[in-house]
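Here is the structure we will look at.
Remember, it's 1-based here, ligands and their atoms both numbered in the order they're listed. Computed from a predicted structure; not experimentally measured. One-based numbering along the sequence shown.
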Amino acid sequence: MPSKVSCLYLLTVVCWASALWYLSISRPTSTYVGHMSVSIRKTVKPQKNITFTNIRTRPLNPHAFEFVINEPKKCESITPFLVILISTTHKEFDARQAIRETWGDESTFGEIRILTIFLLGRNTDNVLNQMVEQESQIFHDIVVEDFIDSYHNLTLKTMMGMRWVATFCPKAQYVMKTDSDIFVNMDNLIYKLLKPNTKPRRRYFTGYVINGGPIRDMRSKWYMPRDLYPDSKYPPFCSGTGYVFSADVAELIYKTSLHTRLLHLEDVYVGLCLRKLGIHPYQNSGFNHWKMAYSLCRYRRVITVHQISPEEMHRIWNDMSSKKHLRC
Ligand SMILES: *[C@@H]1O[C@H](CO)[C@@H](O)[C@H](O)[C@H]1NC(C)=O
Ligand SMILES: *[C@@H]1O[C@H](CO)[C@@H](O)[C@H](O)[C@H]1NC(C)=O
């Protein structure tokens with residue numbers, strides 16, 4: 001009896017969640033979700049006696065956090081061509097400063113408006129929270145929600161970024177999500193990939209596409225327990241070190257996430273949301289999710305490179321800026 005009751009409860013929740021999903025997302029193109037709700041409705045019907053008291057109207061994953069530091073007016077006077085969301089942790093003061101002074105410098109591209117936003121949660125150490133608050137008052141480029149900042153909560157950080165764009169900067173054209181140890185070749189990103197003079201894309205998503213499956217080795221950084229994700233394959237997803245999408249996708253992902261069970265691997269999780277939305281990520285070999293030794297000519301061809309320290313960031317930037325006239 002108890003198993004029957006909880007099973008019915010679960011079905012009801014899933015069914016209701018998918019119904020809500022239908023309401024919140026206009027015109028789903030994915031057959032995957034449609035198929036799911038059809039088969040569930042069939043099983044629920046004969047079980048009768050579903051009262052409204054046992055239907056949970058709350059989303060599966062409500063993301064009920066408050067902004068504790070926000071920049072709600074950043075997009076009031078400008079419509080950015082590109083918003084760059086940088087996932088960072090409290091102690092990475094140097095990394096944030098290096099990005100501000102190098103590729104993240106918002107004034108580099110003149111008419112093409114770039115917005116750089118650093119994403120953070122709340123630290124358990126209040127001194128660090130206060131230091132970040134002061135930093136925010138100087139630079140006005142930090143957004144914080146009140147979830148605990150930890151590696152396991154990275155997905156919440158990304159969803160906060162999606163929520164921020166959807167709420168405070170919905171007219172932006174493109175969004176990039178990246179990390180604080182990534183070098184971004186902005187010239188290539190803007191002029192070779194996004195091309196400001198072409199028609200803005202919609203439902204567009206690109207990066208280093210990974211077609212993989214869960215790692216069941218508990219020692220791995222990417223360990224995924226079977227009960228959290230039983231399938232042997234992940235949907236195609238873009239490495240979290242750097243992916244780029246048209247800004248309409250931010251709201252779509254955020255709303256989809258409210259009805260999608262949370263996974264701690266943020267890039268896999270975004271891939272799951274994309275599959276539900278029927279959006280296919282494009283492979284782009286310019287996104288390097290491994291470290292790559294510096295050479296002027298190699299770095300001129302990339303969009304991102306991983307594992308760059310703040311010192312390297314300055315050195316690379318200075319070298320590339322001072323040698324713009326050199327041919328490869
Ligand atoms: C249906 O649910 C109501 C309210 O929980 C309960 O009072 C009633 O006995 C149930 N009926 C059946 C047939 O299970
Ligand atoms: C993630 O954040 C939530 C909300 O603040 C918190 O309850 C939870 O403990 C955090 N998880 C980890 C692993 O830090």
If the cut-off is 4.0 Å to any non-hydrogen atom of [X], which atoms of ligand 2 fall inside it?
{"X": "S150", "value": "12 (C), 13 (C), 14 (O)"}
{"X": "H152", "value": "13 (C)"}
{"X": "F147", "value": "2 (O), 4 (C), 5 (O)"}

| remark: atom 7 (O) of ligand 2: closest protein heavy atom, distance to 0.1 Å, is I148 CG1, 4.8 Å
| note | Of all protein heavy atoms, the one nearest atom 3 (C) of ligand 2 is N153 ND2, 3.6 Å
| query | Under the side-chain contact (heavy atoms from CB on, under 4.5 Å) criterion, do W164 and L119 qualify, and how do the steps go? | reply | CA-CA 10 Å; W164 190 87; L119 308 176; 5.7 Å; no
| Protein heavy atoms: any of them under 4.0 Å from atom 9 (O) of ligand 2? |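 So atom 9 (O) of ligand 2 lacks protein heavy-atom neighbours under 4.0 Å.
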| task | Identify whether the distance between the nearest side-chain nitrogen and carboxylate oxygen of K157 and D149 falls below 4.0 Å. | result | yes
| Which residues pass the disulfide (SG to SG under 2.5 Å) test with C75, sequence neighbours left out? |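 Once residues adjacent in sequence are excluded, the partners of C75 under the disulfide (SG to SG under 2.5 Å) criterion are C169.
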| message | Is there a side-chain contact (heavy atoms from CB on, under 4.5 Å) between Y191 and I112? Walk through the geometry before answering. | response | CA-CA 10 Å; Y191 296 110; I112 300 167; 3.6 Å; yes
| said: So which atom in Y204 and which in L194 form the shortest heavy-atom distance, rounded to 0.1 Å? | reply: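 Closest approach of Y204 to L194, heavy atoms only: CE2-CD2, 4.3 Å.
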| request: Might you work through the side-chain hydrogen bond (donor to acceptor under 3.5 Å, both in side chains) test for D181 and H306, ending with a clear yes or no? | output: CA-CA 6 Å; D181 60 346; H306 192 193; 3.3 Å; yes
| Below 4.0 Å from any atom of ligand 2, is there a heavy atom belonging to F65? |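 In this structure, F65 qualifies as a contact of ligand 2 - some heavy atom is under 4.0 Å.
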